[in-house]
Engineer: 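My questions all concern the structure below.
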Amino acid sequence: MKVVYLLLIIVLSGALSCLAQSNDNPMLCMGNYQTESEAILQLKRFAESYKNLEEWQVKAKVIREGILKGADLSVMPAKTDLNPVYRNKREYGGYSIENVAIESLPGFYVTGSIYKPTDAKGKLPAILCPHGHWEKQEDYGRYREDMQKRCATLAKMGAVVISYDMLGYGEMGEFGFVHRYPKTLKTQLWNSIRVLDFIASLPEVDKDRIGVTGASGGGTQTFLLTAVDDRIAVSVPAVMVSAHFFGGCVGESGMPIHKSENHETSNVEIAALAAPRPMLLISDGGDWTKNNPEVEFPYIQKIYGFYNKKGSVENWHLPNENHDYGYSKRMGMYPFMAKYLKLDIKKVKNKKGEIDESFVVLETHGQMKVFNDENPLPSGAIRSNDLIWKD
C-alpha cells in the first residue's frame with residue numbers, strides 16, 4: 001500500500017509543482033481550493049439558480065464570459081496569418097506524421113505533430129490533443145508514449161490529429177519560454193484556439209466534426225477550449241473534472257476564471273458548457289476525479305437533461321487506477337470518438353476484436369522536432385514570455 005501511495009504522489013507531483021506563484025488574489029481558486037464536502041454544498045447552491053434550460057443558459061453565458069474576462073481574452077487578439085511550417089513527413093502503417101509549427105501571434109511559434117490517415121478519402125474529422133504536466137523531460141508532452149499511441153491510433157481510425165506543446169514544454173521550452181508565468185492560462189487557451197483555427201483551415205478537414213481530448217492539464221485545456229469555442233463538436237477531458245480541485249497549475253487556475261465580483265463557478269459547471277455536445281468524462285479512483293460517478297457526472301448529466309441529451313454525456317470510471325492517460329483509459333475514449341466523429345474503429349482491432357496499438361511506431365524527440373540545427377527557429381521569433389503579450 002505504501003508503494004502505491006508513493007507512486008501516486010510521484011505522478012501527481014507534476015500537476016502540483018507548477019503552483020509557483022502565491023495565491024494572494026482572493027478571486028483565484030487554485031488547487032484543492034475546497035474540501036469535497038464543501039464542493040458538494042457549492043454544487044447544491046449552484047443548482048438552485050437554474051431549474052430549466054432557459055435559466056441554465058443564463059448562467060452558462062455568465063460562466064463563459066467569466067472565463068474569457070478572467071483569462072484577459074474578452075477582447076480577442078487579431079487572428080493574424082498562421083504561416084504554418086511543415087517538416088519531415090514520415091509514413092507508417094496506416095498513418096503519417098509531420099512536424100508542424102504555427103504562429104499563434106506574429107513571431108510566436110507553437111510547435112506540434114500532425115498525424116493523418118494514409119488511406120482516407122473525402123472530408124475527415126479532426127482531433128486536438130493537448131498534453132498535461134508530466135515533468136520528466138525524457139518523457140513528457142507530445143513525446144510521451146501514451147500521446148504518440150493515442151494520436152497514431154486515432155489517425156489510423158480516420159482522423160487528422162494534432163498534438164501541440166504547452167508553453168515552456170517541448171520545443172517551446174527549448175526556445176526559452178517558461179511555464180510558470182502569470183499569463184500562462186491566457187497563452188495556452190489562445191494557443192488552443194489558434195491550433196483549432198489551423199486544423200479547421202485544412203482542406204481535408206470536416207469543420208463540423210472536430211474533437212479534443214487531453215489528460216490532467218491537457219484535460220483542463222480540453223474543457224476550457226470546449227467551453228469557449230462552439231467549433232468543438234466532441235470532447236473527452238481525462239482525469240481532471242473535479243468539484244473540489246481547480247487545477248494545480250498557473251495554466252489551469254492562475255488567472256481568475258472561476259470567480260469575480262459578479263460570478264462564481266467551478267470546473268464542473270465549466271465542463272457542463274459542453275452541453276449538448278457529446279462529452280466523455282474519464283476518471284479514476286486515485287486522484288481528484290474519484291467522485292465522478294457520484295458527484296460530478298450526475299450533476300453534469302442533469303444539465304444535459306435540460307437539452308433532452310442525457311445520453312450524450314458519459315463517464316468512463318476506473319476505480320482501481322491512478323492519474324494518467326493509460327491504455328485502459330484510452331479504451332474508453334476510442335469508441336466514444338468513433339461513435340460521434342464517425343471513425344472506423346475496425347481499422348485498429350486485431351483478430352480477437354480488441355483495440356490493438358502495437359502497430360504504432362514510437363519516435364524519438366529528435367524525429368518530432370520542427371526546428372533544429374538544420375532548420376532553426378526564425379531569427380525574429382519571440383523567445384521570451386514577456387514579449388508574447390506586448391500590452
Side-chain angles (χ1 to χ4, degrees), residues 14-15 18 82 84-90 92 95-104 108-116 126-156 159-175 177-179 184 187-196 198-199 211-222 225 236-240 249 251-252 324-327 329-330 333 337 357 360-372 375 377:
C18 65
L82 292 165
V85 176
Y86 295 95
R87 296 275 192 262
N88 187 26
K89 185 174 181 179
R90 293 87 68 198
Y92 300 111
Y95 68 99
S96 67
I97 312 176
E98 197 166 8
N99 309 329
V100 64
I102 61 167
E103 289 186 65
S104 177
F108 178 44
Y109 287 88
V110 178
T111 42
S113 304
I114 188 165
Y115 298 67
K116 296 182 180 180
I127 300 171
L128 282 69
C129 287
H131 67 79
H133 296 96
W134 285 270
E135 294 294 306
K136 294 181 180 179
Q137 291 192 15
E138 68 275 14
D139 181 35
Y140 77 167
R142 64 186 168 96
Y143 305 141
R144 283 176 62 88
E145 178 179 326
D146 61 1
M147 175 67 88
Q148 293 191 49
K149 287 184 175 181
R150 183 198 336 164
C151 294
T153 302
L154 289 167
K156 190 169 182 178
V160 176
V161 184
I162 185 166
S163 60
Y164 52 103
D165 293 326
M166 283 202 302
L167 186 70
Y169 281 72
E171 290 186 74
M172 296 191 74
E174 295 172 8
F175 298 161
F177 298 112
V178 297
H179 192 68
T184 294
T187 307
Q188 291 186 171
L189 182 53
W190 175 248
N191 285 350
S192 290
I193 292 170
R194 296 299 276 153
V195 170
L196 177 53
F198 165 68
I199 208 79
V212 59
T213 182
S216 194
T220 300
Q221 292 182 70
T222 293
L225 178 63
V236 183
V239 297
M240 199 62 227
C249 182
E252 300 174 284
D324 60 26
Y325 210 156
Y327 176 80
K329 295 183 177 70
R330 299 193 297 276
M333 177 270 293
M337 285 292 194
E357 301 173 325
V360 178
V361 177
L362 297 178
E363 296 195 323
T364 65
H365 294 197
Q367 287 176 287
M368 300 178 74
K369 288 186 178 181
V370 185
F371 300 108
N372 51 34
N375 299 292
L377 187 69

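Predicted model only: the values in this text are computed from it and were never measured. These values consider heavy atoms only, across backbone and side chains, with no hydrogens, waters or symmetry-generated copies.
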Engineer: Taking side chain to side chain contact (heavy atoms under 4.5 Å, CB included) as the test, write out the residues that go with Gln367, two or more places apart.
Structural biologist: Tyr92, Glu363, Thr364
Engineer: Quick one: side chain to side chain contact (heavy atoms under 4.5 Å, CB included) partners of Lys369, sequence neighbours excluded?
Structural biologist: Tyr143, Glu171, Glu174
Engineer: Could you walk me through whether Leu225 and Ile193 pass the side chain to side chain contact (heavy atoms under 4.5 Å, CB included) check?
Structural biologist: CA-CA 7 Å; Leu225 178 63; Ile193 292 170; 3.9 Å; yes
Engineer: Can you find a heavy atom in the side chain of Pro130 that is under 4.5 Å from one in the side chain of Val212?
Structural biologist: yes
Engineer: Testing Thr153, Leu154, Ile127 one by one against Met333 for a side-chain contact (heavy atoms from CB on, under 4.5 Å), which residue passes?
Structural biologist: Leu154
Engineer: Arg90 and Ser96: side chain to side chain contact (heavy atoms under 4.5 Å, CB included), yes or no, with the steps?
Structural biologist: CA-CA 6 Å; Arg90 293 87 68 198; Ser96 67; over 6 Å; no
Engineer: Which residues satisfy the side-chain hydrogen bond (donor to acceptor under 3.5 Å, both in side chains) test with Thr184, sequence neighbours excluded?
Structural biologist: none
Engineer: Give me each pair satisfying salt bridge (Lys or Arg N to Asp or Glu O under 4.0 Å) with a member in residues 159-170, each pair once, sequence neighbours excluded.
Structural biologist: Arg142-Asp165
Engineer: Output all residues satisfying ring pair (Phe, Tyr, Trp, His ring centres under 6.0 Å) with Phe108, sequence neighbours left out; order by chain, then residue number.
Structural biologist: Phe177
Engineer: With a 4.5 Å limit on heavy-atom distance, are the side chains of Arg194 and Val110 in contact?
Structural biologist: no
Engineer: Could you tell me which non-hydrogen atom of Gly214 sits nearest to which non-hydrogen atom of Arg150, and how far apart they are?
Structural biologist: CA-NH1, 3.9 Å
Engineer: Not counting sequence neighbours, which residues clear side chain to side chain contact (heavy atoms under 4.5 Å, CB included) with Tyr327? List them please.
Structural biologist: Arg330, Met331, Glu357
Engineer: Does some side-chain heavy atom of Tyr109 sit less than 4.5 Å from a side-chain heavy atom of Ile102?
Structural biologist: no
Engineer: Measure across Gly132 and Ser216 and return the closest heavy-atom pair with its distance rounded to 0.1 Å.
Structural biologist: CA-CB, 4.4 Å
Engineer: Not counting sequence neighbours, which residues clear salt bridge (Lys or Arg N to Asp or Glu O under 4.0 Å) with Lys116? List them please.
Structural biologist: Glu204
Engineer: What residues, two or more places apart in sequence or in another chain, satisfy side-chain hydrogen bond (donor to acceptor under 3.5 Å, both in side chains) together with Thr222?
Structural biologist: none
Engineer: List for me each residue that meets side-chain hydrogen bond (donor to acceptor under 3.5 Å, both in side chains) alongside Asn191, sequence neighbours excluded, and say none if there are none.
Structural biologist: Ser104
Engineer: For Ser192 versus Gln221, what's the shortest heavy-atom pair and its separation?
Structural biologist: OG-OE1, 3.6 Å
Engineer: So, do Arg144 and Tyr325 sit near enough that their side-chain heavy atoms are less than 4.5 Å apart?
Structural biologist: no
Engineer: Find the distance between CE (Met172) and OG1 (Thr111) and round it off to the nearest 0.5 Å.
Structural biologist: 6.0 Å
Engineer: Rounded to the nearest 0.5 Å, what separates atom CD1 in Ile114 from atom CD in Glu98?
Structural biologist: 7.5 Å
Engineer: Between Asn99 and Tyr86, does the side chain to side chain contact (heavy atoms under 4.5 Å, CB included) criterion hold? Intermediate values first, please.
Structural biologist: CA-CA 6 Å; Asn99 309 329; Tyr86 295 95; over 6 Å; no
Engineer: Once side chain to side chain contact (heavy atoms under 4.5 Å, CB included) is applied, do any residues pair with Ala152, and if so which ones, sequence neighbours excluded?
Structural biologist: Tyr95, Tyr115, Val360
Engineer: To the closest 0.5 Å, what do you measure between OH (Tyr169) and CG (Leu167)?
Structural biologist: 10.0 Å
Engineer: Could I get the full list of salt bridge (Lys or Arg N to Asp or Glu O under 4.0 Å) partners for Arg87, not counting sequence neighbours?
Structural biologist: none
Engineer: Does the side chain of Asp146 reach to within under 4.5 Å of the side chain of Lys329, using non-hydrogen atoms?
Structural biologist: no
Engineer: So do the side chains of Tyr164 and Gln188 get within less than 4.5 Å of each other, counting heavy atoms only?
Structural biologist: no
Engineer: Which distance, rounded to the nearest 0.5 Å, do you find between the OG1 of Thr187 and the NE2 of His179?
Structural biologist: 10.0 Å
Engineer: Does Ile199 reach the side chain of Leu128, with side-chain heavy atoms less than 4.5 Å apart?
Structural biologist: yes
Engineer: Would you say that Ser163 contacts His131 through its side chain, given a criterion of any heavy-atom pair below 4.5 Å between the two side chains?
Structural biologist: no
Engineer: At their closest point, which heavy atom of Gly112 faces which heavy atom of Val370, and how far apart are they?
Structural biologist: O-CG2, 3.9 Å
Engineer: For Ser113 and Ile162: C-alpha separation, side-chain torsions, deciding distance, then whether side chain to side chain contact (heavy atoms under 4.5 Å, CB included) applies.
Structural biologist: CA-CA 6 Å; Ser113 304; Ile162 185 166; over 6 Å; no
